[in-house]
Every structure is written in structure tokens, then in C-alpha cells.
Amino acid sequence: MSSVVERLRARLGWEGEERSSPIEAGHVRRFVEAIGDPDPRWQTEAPPTFVVALGQETPELPEALEYGSGWLNGGDRFEYLEPIRIGDVITSRTRFADVFEKHGSSGGLLFLVFETEYRNQHGRTVVRSRGTRIRR
Amino acid sequence: MRVEAGQELPELVKHPTTRQLVQYAGASGDFYEIHYDQEFARSVGLPGVILHGLLKAAFLGQLVTSWLGSHGRLRSLEVSYRGLDLPGRPLHCRGRVRSVEGSWAELELWTEDAEGRRTTVGSATVELEAG
């Protein structure tokens, strides 16, 4: 199993393609309805976790699929520099930032960490995110 | 708004349903089958379909932004998914002010299931408006 970690380690720093997404009112509304947050503020602004719905590119890591039988989400971190408003055009790029293995009572877990930076149409970084995905 | 260390945020109780998980899958683009296909979920060793971790993160985001209103801005949100949550069970979203320094406050956040287990733990940083 540890060879999987070594092979993944060689892919660290991988970056996805840049992706540009216009922030559409209908998409934000469907997201807000799905999370059940009635704050009228989300009629003009994207709620805190909306960036995850922009479908950032994640790397194809077939090596990771050799480990365990399924995915779990370990955690997420968001840093907010500026609000994202409906009508903005957000450009994002995801980077494969870290990989490590942990051994628990029920076997091994493989942790993959991805970082994404989101910029608006003015070239300013608005959100940075860091997600930890687990193979088990 | 007065914000002091130790202060509790008003609790937010969510009642997630399988329908909501399907809605969230569609709106977020996360179509992993463990969130809406019972048979698939059980085939990978889960007790049934489970909530998206990021849906719980969204609930904790709502807990903070609805409390803050226009009195400040959310500057960071961090969550760690510790336990599984199933639809059809109430999920209690809670938080407490850990510390205040100038116009910045650090919050401790968590979700609690019906048995009182903390299934998500996290933190947030908020910047408070003057006055």
C-alpha cells in the first residue's frame, strides 16, 4: 500500500486547468434552496460554501483508486477575502497539495489534500479553499 | 452587537431528508452515490445514505452568518467530518465564541446528532464591524 503513497507523492504540485464560471442567480438559488438557508442576502451574494459547486478540476489519480474501496470527506477549510456576488466571473485552479497515510484500528486511510484558489473578474483572490479527501 | 468569549450562538436545528441530499447533489455537482443510492451506500459498508460533509459545512456556515447578520463578516470556516449523519434525524448545529481580540472573534463550531455525538467539529473567524 505504501507504494501507492510514493507514486502519489510524485504527483504533488499537479495543477488542474483554470476554469472560469459566471456566478448565475439560478445556480445560487438552487444551492441556497438545497442547503435550506433563507437569508435574503443570498439573493445577491454567494453563501460561504457555494464555491464547491463551481466544479473545480480535480486531478485524475488512478493510483488513489487502488487504495481501499471508497471515498470519505475528511474536512474542508475556506478563507474568505472578498464576497462573491451574482454576476461575478470566478476563475479557479486546483492543486494537489499533500498526501499521507494513517493507520487506524480498522485499517489504513489515505489522505489527499487539494487546494483551490478562486479569483474574480478583477483579478483579485476572493476565496482560498483546502479540502481533505480520504480513501479507505 | 456584543460578542464575548464563552457566548453561545443560537442553535440551528436542521432536519435533513433524502430529498435534500438529492437537491444538494444536483446543486453542488457531487453525485457520489453514497448520498442518494441506499443499495450502493450499503455495498460500501455504510448503514445507508449519508449527508454530504459539505452540506454540514454549509449548515455551520449558516449558523455563523445568520447570527452575525450585518454586524460582521465571516473570514474563515474550517470543518472536520468526524461521524456519519443519516437523513431523517435532526442535526443540531452549535457554536461558541472562543476568543475575541479587537474586532476579530474566533468561534468553535460543531454539529451534534440526536445522541449528542459531535459528528462535525470546526472553527470560524469573524471580523466584527465597529460599533
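Proteins come first, then strands; the chains are lettered A, B, ... in the order of their sequence lines, and each starts at number 1. Both backbone and side-chain heavy atoms feed into the values below; hydrogens, waters and symmetry mates do not. Everything quoted here is computed from the prediction, not taken from an experiment.
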Report summary line: Whatever's closer than 4.5 Å to a heavy atom in chain A on K14(B) counts as side chain
Query raised in the report: Is R124(A) atom CZ crowded by more than 12 heavy atoms from other residues, nucleotides or ligands, each under 6.0 Å away?
Result: yes
Query - Structural part of L77(B) lying under 4.5 Å from a heavy atom of chain A - result: both
Query - Derivation of the side chain to side chain contact (heavy atoms under 4.5 Å, CB included) call for F31(A) and T49(A) - result: CA-CA 10 Å; F31(A) 187 88; T49(A) 61; 3.5 Å; yes
Query raised in the report: For the candidates R41(A), R30(A), R130(A), R29(A), which exhibits the highest count of non-hydrogen atom pairs separated by less than 4.5 Å from chain B?
Result: R41(A)
Query raised in the report: For A34(A), does its backbone N or O pair with a side-chain atom of Q20(B) as donor and acceptor, under 3.5 Å?
Result: yes
**Report entry** N-O pairing of D88(A) and R119(A) below 4.0 Å
**Finding:** no
Query - Largest heavy-atom contact set with chain B, pairs under 4.5 Å, which of G74(A), P47(A), P48(A), G70(A) - result: G74(A)
Query raised in the report: When you measure from the side chain of E82(A) to the backbone N and O of T125(A), does any donor-acceptor pair fall under 3.5 Å?
Result: no
Requested in this report: Kindly say whether G55(A) contributes a backbone atom to a donor-acceptor pair with the side chain of R19(A) at under 3.5 angstrom?
Outcome: yes
Query raised in the report: Between R95(A) and V113(A), is any pair of side-chain heavy atoms under 4.5 Å apart?
Result: no
**Report entry** Contacts of residues 22-35 of chain B with chain A (heavy atom under 4.5 Å)
**Finding:** Q23(B), Y24(B), A27(B), S28(B), Y32(B), I34(B)
Report task. Name the member of D37(A), V28(A), D39(A), V127(A) that forms the most heavy-atom pairs with chain B at distances under 4.5 Å. Result -> D37(A)
Query raised in the report: Just checking, R135(A) and W71(A): is the charged tip under 6.0 Å from the six-membered ring centre and within 45° of the axis?
Result: yes
Query raised in the report: Where along residues 84-114 of chain B does a heavy atom come under 4.5 Å of chain A, listed by residue number?
Result: none
Report summary line: On a heavy-atom basis, the closest approach of L61(A) and L112(A) is CD1-CD2, 3.9 Å
Requested in this report: Evaluate the side chain to side chain contact (heavy atoms under 4.5 Å, CB included) criterion for residues F78(A) and R128(A): first the C-alpha distance (whole Å), next the side-chain angles of each, then the deciding distance (0.1 Å), finally the verdict.
Outcome: CA-CA 6 Å; F78(A) 302 91; R128(A) 289 194 194 100; over 6 Å; no
Query raised in the report: Is a salt bridge present between R73(B) and E127(B), judged by a nitrogen-to-oxygen distance below 4.0 Å?
Result: no
Requested in this report: Would you check if the side chain of Y67(A) reaches a backbone N or O of L109(A) as a donor-acceptor pair within less than 3.5 Å?
Outcome: yes
Query raised in the report: Counting heavy-atom pairs under 4.5 Å to chain B, which of P38(A), S69(A), P83(A), G131(A) comes out on top?
Result: P83(A)
Query raised in the report: Would you say R75(B)'s side chain and L81(A)'s backbone share a donor-acceptor pair under 3.5 angstrom?
Result: yes
Requested in this report: Against chain A, label R19(B) side chain, backbone, both or neither, depending on which of its atoms sit under 4.5 Å from a heavy atom there.
Outcome: neither
Requested in this report: Just give me the residue among L74(B), L55(B), V44(B) that pairs up with chain A most often, heavy atom to heavy atom, under 4.5 Å.
Outcome: L74(B)
